[in-house]
J.: 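I am attaching a structure below and will ask some questions about it afterwards.
No experiment lies behind these values; they were computed from the predicted model shown.
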Amino acid sequence: MRFPLAFPLAGALCIAASVNHALAGATILPTAQPTMLSGYSASVGTLRGDVRAVFRKKFKNAIKINATKEMERLIRSNLSESAVWIVELAHAQVIRPLDTQAELFAQIETTWKKVKRTEFPAEMRRFYESLQGDQFKLYANLTKDYNKLVADYYAELNAEGGPKPNAMVDFANRFDRMTDDFDGMRCDYYASQCAAYAGVSWDKDRAKDLKDLKRACTAYGRMIESRERMGLKDSILTQAMPRYNELVSLGYGPGSEGPAPEGDDANGGGEPGTPGLGAASNFTNVPLNFELLEGIEQFQRPNYFVDEHYPLWHSFYLREVGSTNDNVLRFGPMIKKSGMPISARRKGSAKLYFDMDGDEEFGEKDIDIPVKGKRESIHLEIPVEGRTHHVAFYVQTGQEKDKYQGLDTNLQPSDTQIGVYATPAGSMVGTIGGESIRIIDEDMDGVYGGKAMPFGHVGLTESLFQPEFDSMVIGGSKRALPWSRYALIGKQWYDLKSENDGTSLGAAPVTLKTGFLQLKFKGPKPAFVIVQGTGSVEEAFFDLSTSSKVEVPTGNYKLLVGMIKKGKKQQLQKVLMIPGSTDLSWNVGSGETVKVELGGPFKFDFGCDADSKGCQVIGTTVAVVGAAGERYERPWLCVPRPKASGRKAGAKRGTKAEKMGAVTSTEEVSKKGWVITWFPKDMGIDIKNAETSVEVQLTQKKHPLFGKITSDWLPFER
């Protein structure tokens, strides 16, 4: 979906994903929204071949000079190609072993483990070593059939008029059978590839009216299980998880026969267990009442989008008068569960409304969408199985003279297009242990206390995601915490479960063994730093910026997301913090205080293309990283502007440092899109007498949030 130039891509990018077909496998690239997982189009095979050749050449050259950082960067930015190469080399070592291949595989395996911290290369090697006799022939025949089936699949995708739903269902059945075949050989890699194709082909975007969401959910589940078992944590796994969780929440998961009946827990059902205590059995129902937030500043919230910079909010748009939009924001699943034909419509130049009954005419049941250039609230009541579900958000339309990343732009509605920007405004309020609890629907899916989900957003480095989650306010606090299964309310710990999409709440007092996490951040004070538990406490979320020490149930915790900000209103600058390639986790024992050390000294991570004339720093790869490896992404009004210097590998002095440029005109945006405003511009460096490898360093003396930032001298091969 392309937005007109007047409308920067706001919130989650509403784009279709692509599938890159390779002889040894296919990769599902990240999409913007979980509900769009199956919206693929085929890519050009020759381009993929070129990308593969360049990647492999660069990695081999990095091996020659022992450039470990460059090898890690290449693996990190080419996970899918790395996986294909690992499969090929693991197979080759068994059928025709060569010392050079063994050495190459060993280096890739070492680098993969540093970057991903999984045993995927070793798992593939063990699989091929386990094959005996006729199994090699069976494997060869299966992979031949797989490659033919994939080629036929893309031929159908590229057919004139698009793929036919009945053809997609046929492909889904064939891929499903092939999943069983590879499973029978214990070949997780190809089994998971086939399961991914089957799930996508049964899903709504491909199969249309012939969709089978139960089988799609099962296929996604099989793919996830196989990939997690072999340690292949790539974009296919990342993209499938939100869609799988969504289908499970809708009642299509294991053991279900369809959408969950009234009274079932929309988040999977069953009573959650308590760490070290087994399942809690004394849940009480906490009635919840809807309340519209008084404003976006009512509480300090762990949400990147909650400020006056409305061009960054989630958005939807309509075209000329008479146009309609059936896929508004993220409450589509809630609408489908209700059976109501809700859509946004444009009745006049400045007349927008939500058609609540599908009659295509504005009536008393329909809801006005304000078109006034200032923030106003909208509240929809959606009936689902006898329950009233509330979706609420603030909206604002654009203005003629506005700015996006400091660049003058026109966001004013016109006769041919109108954009509506939205930020959350809905909450459900109840009382637990004499304290009020308010649950805020931060991701605007109509579910209060839903699961945290990763989303793709403009301004993130390619293949990275931003987690989004609901929040809760306890008592009279003016600060919202991340929604968490375990929460300290007053002096009592409670086990919480959102029921029926957050229309009610279950709460049980529990006794937990606890410890403390203590944030030690070198640099500007973060607005929030969220950690998530793993294993038995994976549904526990805590903000480490709320006090000097934060009490948490015992267990292991990982960095989820954070934010740093400076300034107020239109002058506010901010940057998102997410995990990098380093696995950041902390284990908390009973009574222990564990330090979480993040922040400076800050460095740059970036990529370069090198040739015989020098090299070019790629602007969209430039990001700030902390000492612990955490990344600082999506810099709003504080895009790095480093100086770049290059030198021949091993030299003591570099070229004169030159400042990387910034986007200054909408003409540049019209050619490359609004994404380029989030990064410095590409910059070429002339490095003489460098026959093979070069080294590049980026430095910024005074970044508005981080102060001085200096990268290592990173090596790049010509």
J.: If the test is salt bridge (charged side-chain N to carboxylate O under 4.0 Å, His left out), which one of K451, R387, K337 qualifies with D501?
T.: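 When K451, R387, K337 are each tested with D501, the salt bridge (charged side-chain N to carboxylate O under 4.0 Å, His left out) holds only for K337.
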J.: Would you tell me whether N78 and R52 have side-chain atoms, one donor and one acceptor, within less than 3.5 Å of each other?
T.: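 No, because no side-chain N or O of N78 sits under 3.5 Å from a partner of the opposite role on R52.
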J.: Rounded to the nearest 0.5 Å, what separation is found between the SG atom of C217 and the OH atom of Y252?
T.: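 OH of Y252 is found 10.0 Å from SG of C217.
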J.: Picking from R243, K211, K208, what satisfies side-chain hydrogen bond (donor to acceptor under 3.5 Å, both in side chains) with D203?
T.: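 When R243, K211, K208 are each tested with D203, the side-chain hydrogen bond (donor to acceptor under 3.5 Å, both in side chains) holds only for R243.
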J.: Of all heavy-atom pairs between V675 and G459, which one has the smallest distance, and what is that distance?
T.: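 Closest approach of V675 to G459, heavy atoms only: CG2-N, 4.4 Å.
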J.: Indicate whether the side chain of D234 and that of S80 have a donor and an acceptor atom separated by less than 3.5 Å.
T.: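 On atom types as modelled, these side chains do not qualify, holding no pair under 3.5 Å.
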J.: Residues two or more places apart in sequence or in another chain: which of them pass salt bridge (Lys or Arg N to Asp or Glu O under 4.0 Å) with D170?
T.: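 D170: salt bridge (Lys or Arg N to Asp or Glu O under 4.0 Å) contacts with R174.
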J.: Can we call the ring centroids of Y190 and Y146 under 6.0 Å apart?
T.: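 Centroid separation for Y190 and Y146: below 6.0 Å.
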J.: On the 0 to 90° scale, with breaks at 30° and 60°, tag the W85-F55 ring pair as parallel, tilted or perpendicular.
T.: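 Taking F55 first and then W85, their aromatic rings stand perpendicular (interplane angle over 60°).
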J.: Can Y448 and W483 be said to form a side-chain contact (heavy atoms from CB on, under 4.5 Å), step by step?
T.: CA-CA 9 Å; Y448 295 80; W483 165 257; over 6 Å; no
J.: With sequence neighbours excluded, tell me which residues meet ring-ring contact (aromatic ring centres under 6.0 Å, His included) with F469.
T.: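 F469 satisfies ring-ring contact (aromatic ring centres under 6.0 Å, His included) with no other residue.
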J.: Taking side-chain hydrogen bond (donor to acceptor under 3.5 Å, both in side chains) as the test, write out the residues that go with D145, two or more places apart.
T.: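 In terms of side-chain hydrogen bond (donor to acceptor under 3.5 Å, both in side chains), with neighbours along the sequence ignored, D145 is linked to no residue.
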J.: Can you name the ring-ring contact (aromatic ring centres under 6.0 Å, His included) partners of F120, sequence neighbours left out?
T.: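 F120: ring-ring contact (aromatic ring centres under 6.0 Å, His included) contacts with W112.
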J.: A side-chain contact here means heavy atoms from C-beta on lying under 4.5 Å apart; do H389 and S338 qualify?
T.: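 No, side chains not in contact.
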J.: For the residue pair Q93 / R125, report whether a side-chain donor-acceptor contact shorter than 3.5 Å exists.
T.: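 Side chains of R125 and Q93: no pair found under 3.5 Å.
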J.: Give me the atom names and distance for the closest heavy-atom approach of T118 to P121.
T.: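 Closest approach of T118 to P121: O-CD, 4.4 Å.
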J.: For residues W202 and A207, report the shortest heavy-atom separation together with the two atoms involved.
T.: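 Looking at all heavy atoms of both residues, the shortest contact is O-CB, 3.7 Å.
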J.: Sequence neighbours left out, what pairs pass salt bridge (Lys or Arg N to Asp or Glu O under 4.0 Å) with at least one residue falling in residues 90-102?
T.: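 Non-adjacent pairs meeting salt bridge (Lys or Arg N to Asp or Glu O under 4.0 Å): zero.
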J.: State, to 0.1 Å, how close P579 and R631 come at their nearest heavy-atom pair, and which atoms those are.
T.: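 Heavy atoms of P579 and R631 come nearest at O-CD, 4.3 Å.
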J.: May I ask you to check whether E539 and S484 show a side-chain donor-acceptor distance below 3.5 Å?
T.: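 Looking only at side-chain atoms, S484 and E539 do not form any donor-acceptor pair under 3.5 Å.
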J.: Looking at G607 and R73, what are the two nearest heavy atoms and their distance?
T.: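 Closest pair (atom of G607, atom of R73, distance): CA-NH1, 3.7 Å.
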J.: Does a salt bridge link E468 with R330, judged by any charged N lying under 4.0 Å from a carboxylate O?
T.: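 R330 and E468: salt-bridged.
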J.: With salt bridge (Lys or Arg N to Asp or Glu O under 4.0 Å) as the rule and sequence neighbours excluded, what pairs involving residues 177-199 come up?
T.: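 Qualifying pairs: D180-R222, D183-R222, D188-R229.
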